[in-house]
Amino acid sequence: MKPRTLGALVGLVALLAGFVWFFERDLPSTARGEELARRVLAFEPAEVNRVHIEGPSGGVALLRTDGGWRLGEPLDDPADAQAVADLLEELSALESERSLDQWDPRAAGLD
């Protein structure tokens, strides 16, 4: 092989390695990407600072403070930090089992 051809091939491999190093290394793996694609809500529990739950009799707001979680509405009181952490973990782990891309509302009884 000619030295010029070898140099061009080494340069090409170096460019490809640089591209992978700078642009592809922070992407999730294929398995992690598939897991993230199935998630219903895409968020990290550690990044949540406020949760608002609305129900028929009113709403409840949970606020993250330096001292932990607090109820913000309808009253100001400490919240059970473990219960809030469990709630956020469960919500972040919700996965879709199937999706209805093309469906007939009449077939589902919604006509």
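Note that this is a predicted model, so its numbers are computed, not measured.
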Original post:
Do Ile53 and Val51 come within less than 4.5 Å of each other through their side chains, counting heavy atoms only?
Top reply: yes
Original post:
Should Leu87 and Leu91 count as side-chain neighbours, where that means a heavy-atom distance under 4.5 Å?
Top reply: yes
Subject >> Smallest separation among heavy atoms of Trp69 and Asn49, with atom names >> reply: CZ3-O, 3.9 Å
**OP:** Indicate the atoms forming the closest heavy-atom contact of Phe43 with Leu88, along with that distance.
**Re:** CZ-O, 3.7 Å
Subject >> Gap separating the CG atom of Leu71 from the CG atom of Leu62, nearest 0.5 angstrom >> reply: 5.5 Å
Subject >> Atom pair CZ (Arg70) and OG1 (Thr65), whose distance is rounded to the nearest 0.5 Å >> reply: 6.5 Å
Subject >> Neighbour count above 12 (heavy atom, 6.0 Å) for Glu90 CD >> reply: no
Original post:
Does atom CZ of Arg4 have more than 12 heavy-atom neighbours, drawn from other residues, nucleotides or ligands, at distances under 6.0 Å?
Top reply: no
Original post:
Short question: side chain of Arg64, backbone of Val48 - any donor-acceptor pair under 3.5 Å?
Top reply: yes
